[in-house]
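Working notes, structure below.
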Amino acid sequence: MTDPSTAKPARTPGTSPASVARRKFLNGIAAAAGTGCLLTLGALMAGRPASANPAQALRPPGALAEDDFLSACVRCGLCVRDCPYDTLKLAPFGGAIANGTPYFTARQVACEMCDDIPCVKACPTGALTPKLNDIHEAKMGLAVLSDHESCLNFLGLRCDVCYRVCPVIDKAITLENVHNQRSDRHAMLLPTVHSEHCTGCGKCEKSCVLPEAAIKVMPVALAQGKLPEHYRKGWEEKAKHGGSLIGDQVEMPVRGMEDKAYGDSRVDGPAVGGLNSGWKP
Amino acid sequence: MRPGAEAVRVKGWFGAHRWLILRRVAQLSVLALFLTGPWFGVWIAKGNLASSLTLDVLPLTDPYLFVQSLAAGFMPGATALIGAAIVAGFYALFGGRLYCAWVCPVNVLTDTAAWLRRRLGLKSGRVPDANTRYWVLAGSLLAAALTSSLVWEWVNPVTVVQRSLIFGLGGSLTVVIAIFAYDLLVASRGWCGHLCPMGAFYGLLGQKSLLRITADRRSACNDCMDCFKVCPEPQVIRPALKKAGQDSPLILDRDCTNCGRCIDVCGRNVFHFTHRFDQRSDS
């Protein structure tokens with residue numbers, strides 16, 4: 001800095017060596033900051049689609065919800081190395097999945113649901129949460145019987161393969177007996193997924209005998225619907241309450257069937273045929 | 001004359017490439033430790049440089065990734081914490097940017113680009129400010145905090161390249177070409193010496209580290225400039241060699257990567273490895 005008491009008045013402002021140096025320094029800082037911001041912004045742009053993984057990419061057991069997972073996973077691949085069935089892969093650079101994060105594709109190799117969950121044990125950060133002790137609690141995804149038109153059981157056949165291979169058989173997938181409207185004399189046993197028990201291991205999708213699986217495992221957020229918060233299921237509320245919450249209801253006859261046992265529920269006596277199913281709210 | 005020609009004459013080819021060869025051996029060995037498992041079934045180190053487990057007992061985690069995770073609002077588990085502490089402790093004690101010169105595989109790439117740029121006599125391009133890396137470092141952490149995810153890891157060439165090598169992943173060739181082309185055509189030592197936030201992080205980590213290069217025989221210097229030509233961070237040499245702003249012969253700048261190329265190419269044996277308390281000097 002120049003000493004103000006001996007400052008040379010002849011010098012125009014901004015040309016002293018000190019101010020030139022200062023300007024150079026500030027220019028340097030500005031350029032560095034600008035470049036730094038540009039690079040970071042570039043990374044931000046590249047990094048933002050992270051929350052939209054392709055539907056076929058499933059996270060390992062115990063993976064935190066996707067947003068948390070992306071703050072926790074350091075992409076070391078230890079889970080991949082400790083997966084005894086080579087189910088897990090690391091996403092390559094430039095793909096749709098956050099590069100370097102672990103995933104698996106059920107149709108290629110499904111999760112074998114090891115009892116000791118080695119992938120979770122291997123995770124150093126907790127991106128695969130150590131709170132998962134029972135593999136049956138895992139929620140890697142949710143199976144969805146997405147194509148009712150090509151599923152063999154929906155066509156009236158007894159394929160049942162997805163049901164048979166399910167490690168949580170009769171809980172995660174059940175066969176629901178339904179009347180076959182087309183033949184009108186057979187049953188259809190429809191594979192039905194229950195989200196409460198499905199771990200998303202992908203065995204069903206892997207084993208579907210069709211060239212393209214009719215049952216697919218998707219990330220839970222993609223597969224599962226959600227009822228509005230205020231919805232109540234009448235039959236559950238009724239069971240909880242031990243009876244109808246609104247008391248007995250006014251029962252009206254079917255018009256034109258007044259006073260007939262099969263059309264008017266107010267009339268006692270055996271309902272022989274007719275419209276009255278006997279159902280009461 | 002090419003840098004190091006005098007050194008080759010005086011010390012022989014191996015003498016004039018000693019530290020370079022040792023560094024390449026070290027860099028390849030690190031990769032080899034990770035690759036014996038998948039290739040031959042002999043597991044020494046598992047995982048990759050972001051986080052690993054060696055011989056089933058030693059957890060190591062990259063502290064820069066750990067800090068990014070913290071910035072993103074996640075407290076990594078105990079294993080990662082211990083691993084990051086060990087790694088951070090090691091580099092803080094022995095030399096922050098040892099990582100860059102002795103471990104990081106991208107260094108091989110940028111060294112080659114710098115060598116080729118020298119051989120071809122390329123002067124093109126524009127070099128960013130050497131402090132840009134600190135802004136990128138700050139930006140990467142800020143971006144992590146803003147998005148609650150490790151945003152930088154989407155594009156971080158260092159982790160992308162080493163992960164691709166260790167896990168045999170495709171797709172990273174674009175990153176390799178981009179870095180190489182940038183260093184060759186746009187900015188000499190552009191990536192490692194000016195932009196890389198990981199290098200900046202390790203540099204900050206090792207500011208007070210022990211392992212240092214000294215210009216203890218600086219009076220023998222004949223100003224041939226060979227060390228400046230090969231040094232990835234040429235600005236670090238002058239204070240020690242020419243007593244610019246310091247009397248100590250030690251290269252104390254945090255940007256020095258301890259690569260030892262200056263020792264190699266000096267025909268006068270001006271430089272040596274030593275520790276930060278060694279103030280011996282011939283002038």
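To find a chain, count down the sequence lines: A is the first, B the second, and so on, and within it residues start at 1. All figures in this text were calculated on a predicted structure; none of them were measured in a lab.
- B:Arg238 CZ: 12 or fewer foreign heavy atoms inside a 6.0 Å radius.
- Figure legend: cation-pi geometry between A:Arg81 and B:Phe167, with NZ or CZ positioned under 6.0 Å from the six-membered ring centre and within 45° of its axis.
- Residues A:Phe93 and B:Trp154 share a closest heavy-atom pair of CE1-O, 3.2 Å.
- Residue B:Ser164 does not touch chain A at all, counting heavy-atom pairs closer than 4.5 Å.
- Atom CG of A:Asp115 has 12 or fewer neighbouring heavy atoms from other residues, nucleotides or ligands inside a 6.0 Å radius.
- Interatomic distance, A:Leu70 CG to B:Glu153 CD, rounded to the nearest 0.5 Å: 11.5 Å.
- Atom CG of residue B:Asn48 and atom CG of residue A:Leu90 lie 7.0 Å apart, to the nearest 0.5 angstrom.
- A donor-acceptor pair under 3.5 Å is absent between the side-chain atoms of A:Asn99 and the main chain of B:Val160, judged by distance alone.
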B:Thr159 vs A:Arg75, test: side chain to side chain contact (heavy atoms under 4.5 Å, CB included). Steps then yes/no. CA-CA 9 Å; B:Thr159 48; A:Arg75 308 161 188 221; over 6 Å; no
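- Between the side chain of A:Ser71 and the backbone N or O of B:Phe74 there is no donor-acceptor pair closer than 3.5 Å.
- Proximity to chain B is limited to the backbone of A:Ala91, based on heavy atoms less than 4.5 angstrom apart.
- Top candidate by heavy-atom pairs under 4.5 Å with chain A, chosen from B:Ser51, B:Pro76, B:Gly77, is B:Ser51.
- The environment of NZ in A:Lys171 is sparse: at most 12 heavy-atom neighbours from other residues, nucleotides or ligands sit within 6.0 Å.
- No other option in B:Val136, B:Leu65, B:Asn156, B:Leu150 has as many heavy-atom pairs under 4.5 Å with chain A as B:Leu150.
- Comparing A:Cys79, A:Gly126, A:Pro92 by how many heavy-atom pairs each has under 4.5 Å with chain B, the most go to A:Pro92.
- One distance of note links CG of B:Leu49 with SG of A:Cys76; it measures 11.0 Å at 0.5 Å rounding.
- Looking at B:Thr174, the atoms closer than 4.5 Å to chain A (heavy atoms on both sides) all sit in the side chain, from C-beta outward.
- The residue among B:Leu70, B:Asn131, B:Val175 with the most heavy atom pairs within less than 4.5 Å of chain A is B:Val175.
- There is no contact between B:Pro197 and chain A, counting heavy-atom distances below 4.5 Å.
- Looking at A:Cys73, only its backbone comes within 4.5 Å of chain B, counting heavy atoms on both sides.
- Enclosure of atom CH2 in B:Trp135 is not indicated, since only 12 or fewer non-hydrogen atoms of other residues, nucleotides or ligands lie within 6.0 angstrom.
- In summary, of the residues considered (B:Leu53, B:Ile82, B:Thr79), a side chain to side chain contact (heavy atoms under 4.5 Å, CB included) with A:Pro124 occurs for B:Thr79 alone.
- With a threshold of 4.5 angstrom between heavy atoms, B:Leu173 does not approach chain A through any atom at all.
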